[in-house]
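Whatever order the structure lists ligands and atoms in, that order sets their numbers, starting from 1.
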Amino acid sequence: MPALRSAQWYSGDNRNAYIHRAWMRRGLPGDAFDGRPHIAIANTASDLTPCNAHLDEVARSVANGVHEAGGIPLDLPVMSLGETQVRPTAMLWRNLAAMATEEMLRANPIDGVVLLGGCDKTIPALLMAACSVDLPAVVVPGGPMLTGTFRGVPLGCGTDVWKLSEEVRAGTLSERAFLDSESSMIRSRGHCNTMGTASTMGLLAEVLGMTLPGIAGIPAADSRLLAAAHATGVLAVGLVDRERRPSTVLTKASFENAIVALAALGGSTNAVVHLLAIAGRAGVELTLDDFDRVGAAVPLLADLQPAGRFLMEDLHRAGGLHAVLAEVSDLLDPAALTVTGRPLLAELAEAAVWDREVIRPRAQPLRPAAGIAVLRGNLAPAGAVIKPAAASPHLLRHRGPAVVFDSVEDLHARLDDPGLDITADSVIVLRGCGPKGYPGMPEVSNTPIPAKLLALGVRDMVRVCDGRMSGTAYGTVVLHVAPEAAAGGPLARVRTGDMIVLDVEARTLHCEADLDAREPSPAFLAALAAPRRGWERLYVDTVLQADTGADLDFLVGASGDRVARESH
Ligand code: FES
């Protein structure tokens with residue numbers, strides 16, 4: 001066992017070591033300070049993050065494993081983010097959760113950490129923190145919930161909320177039936193059961209090599225999750241012994257494998273900003289263009305909502321992540337390792353597919369090319385993304401007049417106005433939704449379809465926005481436009497009636513107007529001038545654009561696990 005970091009608090013006969021030990025002697029065994037690794041369990045359980053509420057039980061299993069391996073488990077509650085609860089948007093707080101977790105890991109006598117997350121932002125924030133402090137670290141994804149049913153039909157949480165609410169607006173479903181479905185939507189503990197952001201990031205944590213192999217995607221209510229948590233506790237002690245840190249696991253190869261998996265799984269577009277941010281913390285040079293270069297041609301093999309039919313419980317039953325990865329193993333970089341020290345590819349030897357409806361063979365994909373497409377043009381000089389697999393094929397090449405909205409509130413106020421001049425060919429442009437503009441880059445880009453067009457049977461239109469889209473959503477939506485309107489991007493100078501040209505095959509997004517010759521609309525600028533204080537002010541002043549991960553500029557990179565000076 002190498003010299004422990006925690007020994008810098010606990011070893012010795014001096015007064016300061018006495019203080020550190022004495023206050024911790026509440027229930028710890030007498031030999032707790034004699035060379036046993038101290039493992040933090042960074043736990044995002046919270047009643048206000050219902051997707052993570054079960055993580056206290058998971059933490060107990062981790063703690064048992066740490067004990068069994070000779071370590072000392074220490075509960076470290078960290079900032080949690082409930083996607084459905086937190087206003088104005090959980091993304092505003094991802095970087096704060098990452099910063100707070102990083103600082104508390106560094107400030108405390110910790111030798112290694114087990115990261116417990118689930119709901120959308122929690123695993124990205126924990127991984128960002130772990131990379132910046134670079135202590136031996138391993139993730140336990142909290143797992144998806146079991147499948148609920150309504151009137152005999154499985155409900156995909158998120159995806160079916162959008163679908164059912166649109167049916168109400170279209171007049172094809174009663175409000176009563178819609179509200180009746182509410183109690184069936186969330187069947188059990190765990191995060192959303194579609195291939196949304198939480199499912200995506202839990203699975204990608206494993207592809208990155210940051211979990212015990214084979215555990216991502218185990219449903220939260222499945223007893224195998226607790227067994228996996230126990231085994232992860234054992235592993236965490238071993239990671240300290242071997243000094244295996246995120247910097248020794250995460251490489252460009254790990255991230256490129258994650259991009260392949262993102263496409264094959266039909267994962268969330270939010271993974272783009274999260275992977276870029278994690279890579280930024282890890283010092284790995286990942287770019288927006290890598291997503292297109294590595295992932296665009298990868299086939300979609302997992303038939304999961306929102307792109308397909310099934311849910312996360314089905315994926316696990318059908319063979320899980322490893323079965324999907326085995327189908328595209330030739331596209332994975334064999335150099336990438338996992339926290340076990342073994343290559344990711346070596347973990348796939350036993351993979352098998354038990355249901356070919358859920359996990360398609362490579363030769364019969366759900367879509368032949370399912371990755372993220374990166375668009376550029378005079379509307380998005382630094383890039384924008386679209387997920388062609390979630391879009392309508394007939395709209396992937398489209399020219400239509402812009403209908404511009406300056407904010408989400410503006411959109412909601414005018415979209416259903418019968419007098420709004422909008423047709424199925426129009427392009428809805430929603431701005432003021434980027435990291436600085438909203439602030440926090442909310443999931444609003446998949447705007448509703450205007451009610452009068454819904455009534456005509458229109459279910460998709462081209463939409464262009466500097467915000468994000470829920471991983472459970474679908475549609476022909478151009479997202480993450482950078483630079484955003486509030487940062488001076490050209491989106492701020494588009495006017496209603498300008499012709500917008502989208503060509504996904506050519507990877508272009510253009511406005512036919514001379515945007516350079518214009519000033520942004522005064523009304524749009526006025527809405528940005530709100531006074532700010534506290535975190536929101538720090539965030540708006542320092543947040544980077546979506547094309548590099550929307551981290552704060554001073555948080556990119558790492559400070560390592562240096563031990564600060566003593567104050568006693
Ligand atoms: Fe928590 Fe969907 S709301 S994962």
Checklist entry - Taking the side chain as C-beta and beyond, is there a heavy-atom pair between Met145 and Arg187 under 4.5 Å? => result no
Next on the checklist: Strictly by salt bridge (Lys or Arg N to Asp or Glu O under 4.0 Å), give each pair with a member in residues 221-235 just once, sequence neighbours left out.
Outcome noted: Asp222-Arg224
Next on the checklist: Can you see whether His322 engages Glu206 through a side-chain donor-acceptor pair at a distance of less than 3.5 angstrom?
Outcome noted: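 His322 vs Glu206: donor-acceptor pair found between side chains.
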Item to check | salt bridge (charged side-chain N to carboxylate O under 4.0 Å, His left out) partners of Asp355, counting only residues at least two apart | outcome: Arg317
Item to check | Pairing residues for Arg367 by the salt bridge (charged side-chain N to carboxylate O under 4.0 Å, His left out) criterion, not counting sequence neighbours | outcome: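 Arg367: no salt bridge (charged side-chain N to carboxylate O under 4.0 Å, His left out) contacts found.
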Next on the checklist: Given a threshold of 2.8 Å, state how many protein N/O/S atoms are nearer than that to atom 1 (Fe) of ligand 1.
Outcome noted: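 Considering protein N, O and S only, atom 1 (Fe) of ligand 1 has 2 within range.
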Checklist outcome for this item: side chain to side chain contact (heavy atoms under 4.5 Å, CB included) with Val385: of Leu288, Val481, Asp292, Leu375, only one passes, and it is Leu288
